[in-house]
Every structure is written in structure tokens, then in C-alpha cells.
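Quick note on labels: first sequence line is chain A, next is B, and so on, each numbered from 1.
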Amino acid sequence: MFDNVFTVEAWQEMLLCLKNEIPFAIWETLYITIVSTALALLTGLPLGVLLVAGEKEGVLPLPGWLMHALNFIINILRSVPFLILMIMVFPLSRLLIGTTVGTKATAVPLVVAAFPYIARLIEGNMREIDPNIIEAAQSMGASPIQIIWKVMIPEAKPGLINSATIAMTTILGYSAMSGIIGGGGLGQIAINYGYYRYRYLTMYLAVAILILLVQFFQSAGTHLCVKSDKRLK
Amino acid sequence: MIRIVGLSKTFESAEGEVEALSDVNIDIEEGTIVGIIGMSGAGKSTLVRCINMLERPSEGKVFVDGTDMGALDAAGLRKARRGIAMIFQQFNLLMQRDCLANVRFPLELAGLSGRKANEKAKELLDLVGLPDKARAYPAQLSGGQMQRVAIARALATEPNVLLCDEATSALDPSTTHQILSLIKDINKRLGITVVVITHQMSVVQEICDRVAILDGGRVAEQGLVAEVFAAPKSDAGRRLVFPGRPDARVSVSGNDRQLRIVFRDSQTTSKPLVATMAVEKGIVATVISASTQQISGDVYGSILLGLPASKFEEAMEYLESFGNLTVEEVTEIV
């Protein structure tokens with residue numbers, strides 16, 4: 001199976017791909033990852049905060065049925081394998097983007113898959129906040145909204161940066177998987193060359209670039225997280 | 001200033017209802033420093049949290065400056081809380097904000113921001129003796145410094161009441177002393193009514209005018225610190241005032257009886273009672289324990305004596321003739 005990996009033709013093909021296709025694929029991958037992460041954070045962050053603030057003993061208690069419903073929906077979305085979810089949200093993609101293929105259309109399943117995951121990560125960040133600090137803010141006459149904006153989110157900032165980083169690297173990986181439904185980017189190159197045409201060398205190249213991107217995002221995220229944490233000085 | 005009337009608080013737990021406070025009545029006058037003391041689990045923290053409604057009382061009412069705290073709606077309560085500042089054992093500063101921003105925090109909550117808020121926060125940091133720590137983060141400060149920042153923060157909204165929940169329990173003795181002096185100073189300068197929750201007798205002795213002793217969710221006794229310390233009436237009071245730990249281990253021979261002398265003022269404290277009793281009456285007493293304490297500038301003392309049973313009544317009579325002291329037989333060490 002792998003006996004044609006390092007042939008001269010394979011090297012030539014890889015270099016050609018590196019020159020003609022990879023730059024645009026990197027752009028597509030970055031674009032879809034950043035857009036999807038941003039949209040997923042936009043929905044996941046408030047949801048994660050509500051999961052803690054909305055509890056019976058939280059700062060902004062919500063009706064019990066609503067909390068049950070939120071938790072149930074998140075669990076359902078988290079249980080569907082991404083490969084299936086991609087296909088399940090086709091109608092939604094068609095509704096929102098007008099098509100089910102292409103880079104833009106894959107943002108829909110990526111966001112749908114990532115926001116419940118992000119909500120759970122952020123729920124964890126919110127639970128780590130010292131409840132005494134929240135009590136102190138209450139004793140000063142802070143409203144629930146003020147506690148969320150001025151205490152919970154700022155105090156959890158390093159954790160939130162960490163969660164956003166984890167989310168971003170996960171979405172990057174998932175975006176590669178969306179190559180299978182014509183999602184574009186590095187994932188599609190890896191699948192087209194490696195899976196459909198057995199050009200493994202080019203597949204390895206695409207995978208190597210994905211690894212580099214994940215490494216870069218993770219290092220940058222960790223650096224920001226540590227730098228922003230004023231408890232460590 | 002603060003009136004606590006018939007306050008009870010019951011918690012629901014897995015084992016059923018737990019009564020944390022029961023029929024607590026305390027009046028706190030404006031401008032005074034009042035101590036609420038008790039062992040852990042006596043209900044002190046619950047009591048102080050009922051004053052600003054962080055805990056809702058099950059029964060009874062709390063009036064602060066004439067306002068029935070329990071009857072306020074959410075917005076009214078938030079506004080009232082700005083007049084009732086609170087400091088905590090673990091300081092509870094915002095760890096991701098620098099000191100200036102921490103002090104500014106209550107002002108931001110009240111809708112004041114920008115330069116005005118910053119100036120006010122700077123003034124307060126000066127007041128608590130930390131003018132150079134404005135840009136430092138709490139993690140860079142010592143415990144005493146963090147509590148100073150917390151005090152500055154508490155004063156930002158110009159409150160009438162300062163609630164101190166075990167505010168010095170995490171600090172070493174010398175820092176405790178400094179923080180207590182600061183609180184006393186603030187009380188004198190700004191006329192703020194201070195409620196001090198503590199398990200440390202020394203804290204009450206050092207700064208409080210009045211004290212309420214809490215035992216098992218009830219007020220065992222209350223009054224002027226000097227009076228309560230001189231002659232505690234309740235068992236809980238005696239346990240706190242006469243830390244009788246060594247008493248229990250002293251073995252007194254079977255024929256002996258014990259009595260406790262409590263001096264009411266410093267003149268009596270300086271009289272050589274035990275020696276004169278030996279010389280004049282020929283009654284030889286064993287000193288089981290003795291202590292003196294300084295409260296509000298005066299010295300108070302107590303002595304626990306062991307006496308031969310045959311001479312007990314005579315000794316009692318002799319000692320009582322001195323006046324300004326109380327003599328009582330102690331049958332069991334509390």
C-alpha cells in the first residue's frame with residue numbers, strides 16, 4: 001500500500017500541490033476555523049455562563065425546566081458524532097448559507113458541534129470562581145448582570161482563554177474532517193490526495209501543516225492565558 | 001442603627017432542619033463597635049449575613065437605620081447594601097484586578113467611573129496606608145495588605161455600617177493588631193458603626209465597646225465589654241472569659257473546695273488578697289489559676305483558689321468583705 005509513497009512522481013506532485021493548492025487551503029482552513037470559533041464562542045459563552053448563573057443557588061436563578069432543557073439539548077448535541085452531525089445539519093446549512101458544500105457551508109456544522117462543547121468548557125471555568133468573591137460583590141450591592149460582567153467573566157479570564165484555545169484547536173481538527181463533505185481547506189487536500197488517489201506523501205504534507213497550525217494556536221493560547229493571569233505574579 | 005429583633009434562621013439539611021439562630025435580639029447604637037463572639041458553629045457568620053440579607057432570616061426582622069431590610073425589593077436591597085460594607089476572613093478581593101481597580105469596584109457598581117472614581121480610590125488607598133500599591137495585584141500583597149485594600153474597598157461607597165466577618169482570623173497577631181487599630185481609627189474618624197464577628201476574645205477586648213456572646217444560635221449574654229468580662233453571667237461567657245483549660249488538669253486534694261474571685265476594677269486587682277488572708281486569718285490557699293486582662297484601658301483579674309473545706313466558709317466571708325469583687329464557689333470547671 002505504501003510502496004509508492006516516496007517515488008519521484010510523488011515528490012513532484014507534492015511540490016506542485018504545495019505551490020498551487022496548499023497556500024489557499026491554509027487560508028481556507030484558518031478562515032473557517034476562526035469564523036467558526038468566533039461564532040461558537042458567541043453562542044457557547046453566554047450559554048456556559050447561564051449554566052452556572054441560572055442554577056437555583058446561582059446569581060441569576062432561571063426556571064428549573066429551562067435549565068433542564070438547556071442541559072438536555074447540550075447533551076444531545078454533544079452525543080452526535082461529528083461525521084453524522086455534518087449530514088444532519090444539511091437543511092440548516094441550506095437555510096442559512098444556501099448550499100451544503102464549500103468552506104462557508106461547513107461553518108454551520110462546526111458551530112453546531114462546537115458551541116455545546118464550549119458551553120461545557122465555560123461552565124467548568126465559571127464553577128472554578130471562588131463563591132466568596134461573588135458573595136462579596138453581592139454584599140456591595142452588585143446586580144446579577146454586574147456580577148456576571150464584572151466578576152465572573154473577568155475573574156475567569158485565564159480559564160476562558162484556555163477554553164477558547166482548546167475549542168479552536170478542536171474546531172481546526174473538525175474542519176479538516178469536513179473535507180469529506182467538500183468543506184475545502186487542508187482536510188480536503190488530505191482526503192482527496194490520500195484517500196481517493198492514494199497519494200500519501202501529499203496527504204502527509206497536509207497533515208503536517210495541520211499539526212503545525214494546532215501547535216501554533218495552542219502555544220499562543222497558553223502564552224496568553226499565563227500572561228493574563230494576575231494570580232501568578 | 002442596627003436592630004435585630006426575634007431573629008431565627010433554620011437551614012434545611014439532609015438530616016432535617018438545623019436551627020442556626022434562634023430568637024436573637026441585639027440593638028447596636030450608631031457609632032459604636034460591637035463584638036459578636038462565639039465558638040465555631042455558634043451562628044456568628046449566619047447572624048452577620050442576616051444583617052445585609054445575604055441570608056434571609058426564617059423569622060424576625062433586621063432594621064438598619066430604620067429600614068426593614070427584609071421588606072426591601074431586589075433593587076432597594078442593592079441600594080441599601082451600598083451603605084452596609086463588609087470585610088471577610090479571606091479578603092475576597094478580585095484577583096484579576098489591581099488594587100486601585102478593586103477599590104474602585106463598588107463605585108463602578110454604583111455607576112461612578114472614570115477619573116472621579118480613580119481619585120476617590122486613590123484617596124482611600126492613602127487612608128489605609130497603601131498609597132504605593134495602586135498598581136499592584138492582590139497576589140503580590142501580604143495578608144495584612146490585602147485586608148487593608150478590602151477595607152479601602154469597603155469604605156468606597158461611604159457606608160454607615162461596616163460588618164467584619166472574622167476579618168483578622170487569617171492574620172498573625174501583630175498584623176491583627178494593626179488592622180484592628182485601623183478599624184478603630186476609621187470608626188472614630190468617620191463615625192461608622194462596626195460589627196465585629198470573631199472567635200477571638202482578644203479582638204473584642206481590643207476594639208469593642210459592647211459584646212454579645214453567641215452560643216448554640218442564641219445570645220447567651222450581652223452588655224458592655226468591661227461588664228461582661230468582669231463578671232460573665234452565662235456558661236458560654238465564662239468559657240470565653242476564663243479560658244479555664246489549665247483548671248481541669250489541676251488536681252486538688254479531695255478535701256478541698258474551690259472558689260473563684262473576680263476583680264471588678266484595677267485597684268482591687270493590685271491588692272495582695274491571698275497573702276493577707278494567710279497572714280490575718282491563717283488560711284492557706286492554693287492558687288489553681290490566675291489571670292489579668294486589659295479591657296478598655298482597665299485591668300481586670302480573676303483567681304481560682306483551692307481551699308481546705310474546713311476553712312472554706314471563713315475564707316469566703318473574709319474575701320467578700322473587700323468589696324468590688326465577686327466570690328463564688330466553683331464546683332465544676334467550666
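- No side-chain donor from either of B:Ser13 and B:Glu17 sits under 3.5 Å from a side-chain acceptor of the other.
- Residues of residues 71-110 of chain A lying under 4.5 angstrom from chain B, judged on non-hydrogen atoms, do not exist.
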| request: Apply salt bridge (charged side-chain N to carboxylate O under 4.0 Å, His left out) to B:Lys120 and B:Glu123, showing your working. | output: CA-CA 5 Å; B:Lys120 173 104 196 178; B:Glu123 278 170 30; 5.4 Å; no
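- Contact annotation for A:Ser228: only backbone heavy atoms (N, CA, C, O) come within less than 4.5 Å of a heavy atom of chain B.
- With B:Glu166 as the fixed residue, the side chain to side chain donor-acceptor pair (under 3.5 Å) test singles out one of B:His199, B:Gln89, B:Gln90: B:His199.
- Comparing A:Ile133, A:Asp130, A:Ile129 by how many heavy-atom pairs each has under 4.5 Å with chain B, the most go to A:Ile133.
- The cationic atom of B:Lys61 (NZ for Lys, CZ for Arg) does not lie both less than 6.0 Å from the six-membered ring centre of B:Phe63 and within 45° of the ring axis.
- Of the atoms belonging to B:Phe91, not a single heavy atom falls under 4.5 Å from chain A.
- Salt bridge B:Arg49/A:Glu135: present, at least one basic N to carboxylate O contact under 4.0 Å.
- Under 3.5 Å, the side chains of B:Thr175 and B:Asp172 contain a donor-acceptor pair of N or O atoms.
- With a 4.5 angstrom heavy-atom cutoff, B:Leu163 does not touch chain A via any of its atoms.
- Within the 4.5 Å cutoff, the side chain of B:Arg81 has heavy atoms near those of the B:Met53 side chain.
- For the atom pair CD (B:Gln145) and CG (B:Leu171), the distance works out to 11.5 Å, reported to the nearest 0.5 Å.
- Only the backbone of B:Ile84 comes within less than 4.5 Å of a heavy atom of chain A; no side-chain atom from C-beta onward does.
- Side-chain contact between A:Ile166 and A:Leu121 is present, with heavy atoms from C-beta onward closer than 4.5 Å.
- Taking chain B as the reference chain and counting heavy-atom pairs below 4.5 Å, the highest number among A:Pro158, A:Ser139, A:Ala136, A:Ala156 is found for A:Ser139.
- The parts of B:Leu94 that come within reach of chain A are both its backbone and its side chain, each placing non-hydrogen atoms under 4.5 angstrom from that chain.
- With a threshold of 4.5 angstrom between heavy atoms, A:Lys150 approaches chain B through its backbone and through its side chain.
- Looking only at side-chain heavy atoms (C-beta outward), A:Asp229 and B:Met95 stay at 4.5 Å or farther from each other.
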